Engineer: 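I'd like to ask you about the structure that follows.
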Amino acid sequence: MTIYDSVQKTKREFIPQDDNKVSLYVCGPTVYDDAHLGHAKSALVFDLLTRVLTANGYDVTYARNITDIDDKIIKKALEQNKTIKEITDFYTDAYHEEMSQLGISRPNIEPKATESLEAMFELTKKLIASKHAYLTSEGDVYFDTSSDSEYLSLSKRVQDEDERQNRVESSSHKKNPADFALWKSVHDKSVTFDSPFGAGRPGWHLECSAMIEKHLAKPNMKFAVDIHGGGADLLFPHHENEAAQTRCATNHNLANYWMHNGFVNINGEKMSKSLGNSFFLKDALKEYDGEVLRFYLLSTHYRSNFNFNTQDLAISKKRLDKIYRLKKRLFGIQLDSKDTDPAWKAILLEALNDDMNVSLALAHIDEMVSDANNTLDQPGKHQLIKKETVSHLAYIEEVLGFGVKNPFEYFQFGIDKETKAKIDMLIEKRNEAKKTKDFAASDKIRDEILTYGVSIMDTAQGTFWEKV
RNA sequence: GGUGCCAUCGCCAAGUGGUAAGGCCGCAGCCUGCAAAGCUGCUAUCCCCAGUUCAAAUCUGGGUGGCACCUCCA
């Protein structure tokens with residue numbers, strides 16, 4: 001497969017360092033607030049990546065961190081008079097729950113910053129010993145960017161003079177304006193951690209490098225991981241700094257391939273905490289099945305900017321509905337074997353192996369669905385076609401995670417039991433009216449059913465209803 | 001100001017040198033008591049200008065218009 005490497009800025013054939021074993025590290029959330037659509041996008045992109053890699057026969061080890069030490073967490077804990085752990089546990093659980101509703105599998109490893117302090121100390125000690133980091137009179141430890149001749153090689157930035165001036169003033173204890181903190185000394189006892197460098201807390205960039213060394217890096221490899229991913233905003237300074245730390249503290253570079261997903265915008269504007277226009281996942285999940293959100297957020301190429309709007313979301317729902325209707329049509333068909341039709345597998349993987357071209361894969365899926373429906377509309381039993389189609393749908397579930405639910409339950413999203421009973425009762429009444437050809441009455445009942453936000457469809461198998 | 005990305009049908013969106021995928025909407029049909037669902041058919045020459053080439057949406061240069069990063073951020 002080919003992957004677009006956002007550092008080399010070109011598509012590259014993907015070749016793991018160690019046979020068929022792939023190591024993937026992705027920057028996860030800082031757990032101090034509810035996850036928004038951007039978090040979902042990133043988690044989805046790399047969930048898909050692991051699925052596609054696995055479909056290609058790779059043995060993937062996927063790590064995604066949980067940042068549970070951070071100034072914003074501390075601030076929230078103080079505000080709400082709670083412990084840091086209470087805050088981080090709450091938002092970590094919420095994150096997991098919401099991501100699982102999007103059909104996102106848990107990574108193999110989810111290291112937490114609080115559980116990785118030793119690894120951070122190790123890395124910092126190495127950097128101090130090799131003169132790549134220094135301790136200030138105030139007790140902070142900074143990475144010395146001037147000691148790394150390859151600094152800025154990742155983001156290909158040029159140090160700007162104005163920027164230098166500005167930063168020097170704001171932080172006079174730094175040797176260079178671009179230097180960043182590995183350890184911040186803090187003297188508030190309630191929120192500090194002990195370290196060989198004194199009480200305080202780690203700098204944000206440090207944890208990823210440390211976790212990668214601890215969990216993924218293998219000796220004598222040129223790169224600590226095969227693939228490092230995250231949101232596009234992390235390239236600088238976060239990933240630049242991670243790469244510098246690892247490069248200077250170890251004998252390998254951080255990653256062979258870098259992947260950055262594009263942003264989710266709202267009304268053409270970046271969704272951002274400072275702009276206050278975040279769209280929280282938990283709110284979206286009240287209105288839409290998680291799989292609809294999965295479909296929608298994955299329907300545009302992962303590197304493109306994504307402009308969220310409810311009209312397009314509704315269109316994605318329609319598209320996913322079609323997959324589920326076909327699944328409903330084939331409900332109960334058993335497969336003789338789990339083997340996937342190689343031709344179908346090839347069609348789908350060819351698209352996904354090209355830097356995860358989901359749009360193209362979806363076009364193939366739409367065609368497959370139309371063809372199957374067309375065949376099933378013709379007279380005949382179509383046993384072979386039915387089984388083949390069920391097998392195709394199963395492969396879509398496996399690789400893309402679309403259509404994994406019971407189709408009948410999918411179409412009842414958000415309808416409570418009482419309403420279901422009412423609808424069923426009305427449908428029965430309507431069918432009785434239809435039997436006597438009292439169409440005026442049956443149409444009137446249908447209008448009443450429609451007021452529950454559902455549509456109904458008469459088929460040879462009976463009358464079904466769906467949430468609109 | 002520095003760096004980078006993008007511009008394809010009314011809307012969403014693939015395609016990165018060989019003559020425009022797919023979806024939504026719309027129109028015309030089939031099916032249906034009527035619908036819904038499903039199916040069939042129809043609908044673009046790729047922001048502008050210049051250049052390279054037998055051939056360009058795809059490459060080059062210049063415009064115009066969006067957006068992102070440079071500060072916490074997925």
Side-chain angles (χ1 to χ4, degrees), chain A residues 6 9 11 26-30 32-33 35-46 64 67 70-72 152 155-163 166-167 170 178 204 229-238 240 260-265 268-275 278 295-296 299-301 303-307 309 311-322 325-326 328-329 351 354 357-367 369-378 434 437-440 442-443 446-447 449-450 454-459 463-466 468:
Chain A
S6 42
K9 295 190 195 302
K11 276 188 195 174
V26 175
C27 292
T30 301
Y32 73 101
D33 204 353
H36 55 60
L37 293 171
H39 292 108
K41 171 91 183 176
S42 174
L44 278 168
V45 165
F46 293 104
R64 184 185 60 206
T67 299
D70 178 89
D71 288 356
K72 292 184 288 294
L152 300 181
S155 58
K156 297 180 179 63
R157 259 160 230 283
V158 185
Q159 276 293 345
D160 182 77
E161 275 308 314
D162 291 339
E163 191 186 353
N166 287 336
R167 292 224 189 146
S170 62
W204 173 46
D233 56 334
L234 297 180
L235 180 58
F236 186 87
H238 187 51
E240 184 76 58
H260 291 95
N261 62 274
F263 265 76
V264 179
N265 297 330
E269 241 186 354
K270 179 186 170 179
M271 186 169 58
S272 130
K273 278 147 203 175
S274 49
L275 288 172
S278 296
F295 191 104
Y296 178 44
S299 64
T300 295
H301 191 89
R303 280 189 278 120
S304 306
N305 280 338
F306 188 96
N307 196 16
N309 69 76
Q311 290 76 24
D312 293 337
L313 178 56
I315 288 167
S316 280
K317 180 183 179 301
K318 282 192 177 188
R319 237 172 146 175
L320 184 61
D321 284 353
K322 275 187 103 155
R325 278 194 201 105
L326 180 57
K328 207 159 73 166
R329 206 172 176 180
D354 181 15
N357 191 338
V358 178
S359 293
L360 187 56
L362 288 179
H364 293 315
I365 290 171
D366 286 328
E367 263 174 65
V369 171
S370 282
D371 286 350
N373 275 320
N374 197 9
T375 304
L376 295 174
D377 277 354
Q378 312 302 320
K434 279 177 66 181
K437 301 224 188 286
D438 185 355
F439 296 124
S442 73
D443 287 353
R446 178 167 60 198
D447 288 342
I449 296 172
L450 260 38
V454 303
S455 66
I456 61 172
M457 40 205 64
D458 297 323
T459 75
T463 301
F464 297 107
W465 59 269
E466 293 179 357
V468 177

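Order of the sequence lines sets the chain letters (A, B, ...), proteins ahead of strands, with each chain counted from 1. All values derive from a computational prediction rather than experimental measurement.
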Engineer: Indicate whether OP1 or OP2 belonging to B:C25 is found under 4.0 Å from a side-chain N or O atom of A:K318.
Structural biologist: yes
Engineer: Check every strand shown and say whether A:R303 touches a base, only sugar-phosphate, or nothing at a heavy-atom separation below 4.0 Å.
Structural biologist: nothing
Engineer: Just checking, any donor-acceptor pair under 3.5 angstrom between side chains of A:R329 and A:N373?
Structural biologist: yes
Engineer: Closer to the 5' end of RNA chain B via nearest nucleotide, is it A:D70 or A:S299?
Structural biologist: A:S299
Engineer: On a whole-Å scale, what distance lies between the P atoms belonging to B:C69 and B:G15?
Structural biologist: 24 Å
Engineer: Does A:F464 reach the side chain of A:D458, with side-chain heavy atoms less than 4.5 Å apart?
Structural biologist: no
Engineer: Does B:C39 have OP1 or OP2 under 4.0 Å away from a side-chain N or O of A:K322?
Structural biologist: yes
Engineer: Under 3.5 Å, is there a donor on one side chain and an acceptor on the other for A:T30 and A:D70?
Structural biologist: no
Engineer: Find the distance A:D321:CG to B:A37:P and express it as a whole number of Å.
Structural biologist: 10 Å
Engineer: Using a cut-off of less than 4.0 Å, is there contact between a side-chain N or O of A:W465 and OP1 or OP2 of B:A36?
Structural biologist: no
Engineer: Parallel, tilted or perpendicular for A:F306 and A:Y296, by the 30°/60° rule?
Structural biologist: perpendicular
Engineer: OP1, OP2 of B:A74 versus side-chain N and O of A:N261: anything below 4.0 Å?
Structural biologist: no
Engineer: Please tell me which of the listed nucleotides, B:A74, B:C72, B:G38, lies nearest to the side chain of A:K72?
Structural biologist: B:C72
Engineer: What is the nucleic acid contact for A:F263, judged by heavy atoms within less than 4.0 Å: base, sugar-phosphate only, or nothing?
Structural biologist: base
Engineer: May I ask you to say what A:Q311 touches in the nucleic acid, namely base, sugar-phosphate or nothing, with a heavy-atom cut-off under 4.0 Å?
Structural biologist: nothing
Engineer: For B:U40, take OP1 and OP2 only and decide whether either is under 4.0 Å from a side-chain N or O of A:N374.
Structural biologist: yes
Engineer: Measure from NZ or CZ of A:R157 to the centre of the six-membered ring of A:F236, then state whether that distance is under 6.0 Å and the direction lies within 45° of the axis.
Structural biologist: yes
Engineer: With nearest nucleotides of RNA chain B determined for A:F439 and A:S304 from heavy-atom distances, which residue corresponds to the more 5′ nucleotide?
Structural biologist: A:S304
Engineer: Check the distance between B:A36's C1' and A:F464's CZ and give it to me in whole angstrom.
Structural biologist: 13 Å
Engineer: On the nucleotide B:A68, are OP1 or OP2 found under 4.0 Å from the side-chain N or O atoms that A:N265 carries?
Structural biologist: no
Engineer: In terms of side-chain heavy atoms of A:L360, which of B:C5, B:A14, B:G23 is nearest?
Structural biologist: B:A14
Engineer: Scan every strand shown for a Watson-Crick or G-U wobble partner of B:U32, both distances under 3.5 Å, and answer none if you come up empty.
Structural biologist: none
Engineer: Could you tell me whether the side chains of A:D377 and A:N374 share a donor-acceptor contact shorter than 3.5 Å?
Structural biologist: no
Engineer: Determine which nucleotide pairs with B:A7, using a 3.5 Å limit on both distances of a Watson-Crick or G-U wobble pair.
Structural biologist: B:U64
Engineer: Taking the minimum atom-to-atom distance to the side chain of A:R325, which one of B:A37, B:G23, B:C39 wins?
Structural biologist: B:A37
Engineer: Using whole Å, report how far NZ of A:K434 lies from P of B:C34.
Structural biologist: 11 Å
Engineer: NA contact type, A:D233, heavy-atom cut-off 4.0 Å: base, sugar-phosphate, or nothing?
Structural biologist: base
Engineer: So what does A:S442 hit on the nucleic acid, given a heavy-atom distance under 4.0 Å: a base, only sugar-phosphate, or nothing?
Structural biologist: base
Engineer: Nearest whole angstrom, please: distance from the C1' of B:C73 to the NE2 of A:H238.
Structural biologist: 11 Å
Engineer: Considering only B:A13, B:G33, B:C25, which nucleotide approaches the side chain of A:S359 most closely?
Structural biologist: B:A13
Engineer: Could you tell me how far B:C47 sits from B:U32 if I compare only their C1' atoms? Round to whole Å.
Structural biologist: 46 Å
Engineer: Separation of A:D443 atom CG from B:C34 atom P, in whole Å?
Structural biologist: 11 Å
Engineer: What's the closest nucleotide to the A:S42 side chain, out of B:G23, B:A74, B:C39?
Structural biologist: B:A74
Engineer: For A:L326 and B:G23, what is the distance between atoms CG and C1' respectively, to the nearest whole Å?
Structural biologist: 16 Å
Engineer: Mind checking A:L234 for me? I need base, sugar-phosphate or nothing, with any heavy atom below 4.0 Å counting as a touch.
Structural biologist: sugar-phosphate
